[in-house]
Amino acid sequence: MKKTDNQILVIFGASGDLTARKLVPALFNLYVAKQLPDNFVVLGASRSDMTDNEFRKKVVLESDYLKDKLEDLKPNYINKFSKKFFYEDLGGDYTSHYGRLQKRIADLDTKFHTAGNHIFYLSTPPSLYEPIAKNLAEVGLNNEEEGWKRLIVEKPFGYDLESAKNLNEGLQRYFKETQIYRIDHYLGKETVQNLLVTRFANSIFEPLWNRNYIHHIEITNAESVGVEKRGGYYDKSGALRDMFQNHLLQIVSLIVMEPPISDEPEGIRNEKVKALKSLRIMRNEQTIHDNTIRGQYMASTIKGEKVKGYREEDDVHPQSMTETYAAIKSFVDNWRWKDVPFYVRTAKRMPTKVTEVVIHFKTPHHQIFHDSSMNNKDNKLIIRIQPDEGILIKFGVKVPGQGFKVERANLDFYYSSLAQTHVMEAYERLLLDCMQGDATLYARADEVEAAWEFVDPILNYWKNGKDVHMYGYAAGVWGPENSDELIDGIGYWRNPGPNLTDDPGFCVIS
Ligand code: BG6
């Protein structure tokens, strides 16, 4: 186990939802797993007027998000955890009172011997990232002469390429790139990290991992929920910015990248940037028109329940042109992937929640066995990111009896079969990594910019281009009617069910 230094975690925006919903439960799991350092302090900072005790009640003792976890535990044990939490009211905005904040941090540092090691977690609107970084720097809280200082920022990292560059420059003015941790919670998922292990800890996949053997790659990220209470944010964002630019391109980069020389963070991140830079950027309107589909969910009835259309959701403009479905066909311009199409889609209000990667291998060059009931003879490697996490290989087996009749069979592995291993939740893993100074699973500035570089022309075309369509789809189906038109050859997406081995074509009949 790596050593974790004594430290203070300062959370800006601590009265917000993310702190109670994700960060504190993640810290609690680390506490239970004895992964927190001996001296560890959480200082919440935001604009609400709260005492330390009120903050402890809100995020620990009376938190709905911890209730189940605390149920059977001894009060002493829970109190010991809650006593690690403190609160500082920042007053009117995030741009004043840093002298007071600095003093509070210094006092806690002395009292708890946290050696000047501080993480600043910015869980605030992105417009505040740079002002907070600037204010921290002005009172010397970026200075690493005594103890290290790290800054965690949440997505979105910019709104487009230009704003992402400005944001990166803005943060780098006050903190070194090595101090900046851009969190993408998909990288905290075990199954996403396992993409690296599947590829580089086995000798059976990597020799086939190229244009000679792979026909195409399909990535589906589907959510059954709509925009819920986030209409205001989502309407300015859309599926491409909200999911594709970050989470999905991270997955793409792990599939595309070349083997790094070791598991050193910079080695892995260098290869990921190279992978993102090799994505073919679609520069002309016709190409974007032919290789992308966007859609928006419309009112429908799912399992007997009426479901609102996107434009009827709270805080969404009634004539909104924001996409809740995005599907992109793209290519990777390098030696390994020449001419292999990558199909990636992400959407809300689909029949089920699922994220998976499907590697479709080419059919054998020469067919010996003609007596096959299969119309689809390719081997597939299905990597299930969530739920029912696991890996499935589809391969041909002989049907017992005379002749050589071939059927597809499944070879499967489920994470749940590793019952004795505690699978860390994404935020738990990522927080611990940052606490230990490991940036492997955080996005670097050039990575984020390379992803925007690919996405920007599509966003521009969708906003200003000629002949751009927004296709409607009924909430609860697999996207617009024409969505299969994107897929060459076999001509349809694999529509997976909630379970890894469900046959494709999953749908919900109400
Ligand atoms: C977030 C998006 O980053 O990821 C949300 O902003 C989305 O819109 C969420 O619902 C999905 O995360 P997960 O882990 O549930 O797949």
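Remember, it's 1-based here, ligands and their atoms both numbered in the order they're listed.
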Would you please determine whether Tyr234 falls within less than 4.0 Å of ligand 1 on a heavy-atom basis? no

Out of Thr324, Asp242, Thr355, Val227, indicate the one that has the non-hydrogen atom closest to atom 2 (C) of ligand 1. Asp242

To atom 14 (O) of ligand 1, the nearest of Lys155, Gln386, Lys189 on a heavy-atom basis is Lys189

[X] atom [atom1], neighbour heavy-atom count above 12 within 6.0 Å:
X	atom1	answer
Lys308	NZ	yes
Glu266	CD	yes
Lys69	NZ	yes
His215	NE2	no

Please report which non-hydrogen protein atom sits nearest to [atom], along with the residue it belongs to and the distance in Å to one decimal place.
atom	value
atom 15 (O) of ligand 1	Lys353 NZ, 2.7 Å
atom 4 (O) of ligand 1	His185 CE1, 3.4 Å
atom 16 (O) of ligand 1	Tyr186 OH, 2.4 Å
atom 11 (C) of ligand 1	Glu223 OE1, 3.8 Å

Going by the atom numbers of ligand 1, which of them fall below 4.0 Å from some non-hydrogen atom of Met243? 2 (C), 4 (O), 7 (C)

Of all the atoms in ligand 1, which lie at a distance below 4.0 Å from a heavy atom belonging to Lys348? 5 (C), 7 (C), 8 (O), 10 (O)

Lys353: salt bridge (Lys or Arg N to Asp or Glu O under 4.0 Å) partners, not counting sequence neighbours: none

Could you tell me how the ring of Phe28 sits relative to the ring of Tyr31: parallel (under 30°), tilted (30 to 60°) or perpendicular (over 60°)? tilted

So, Asp242 and Ser237: side-chain donor and acceptor under 3.5 Å apart, yes or no? no

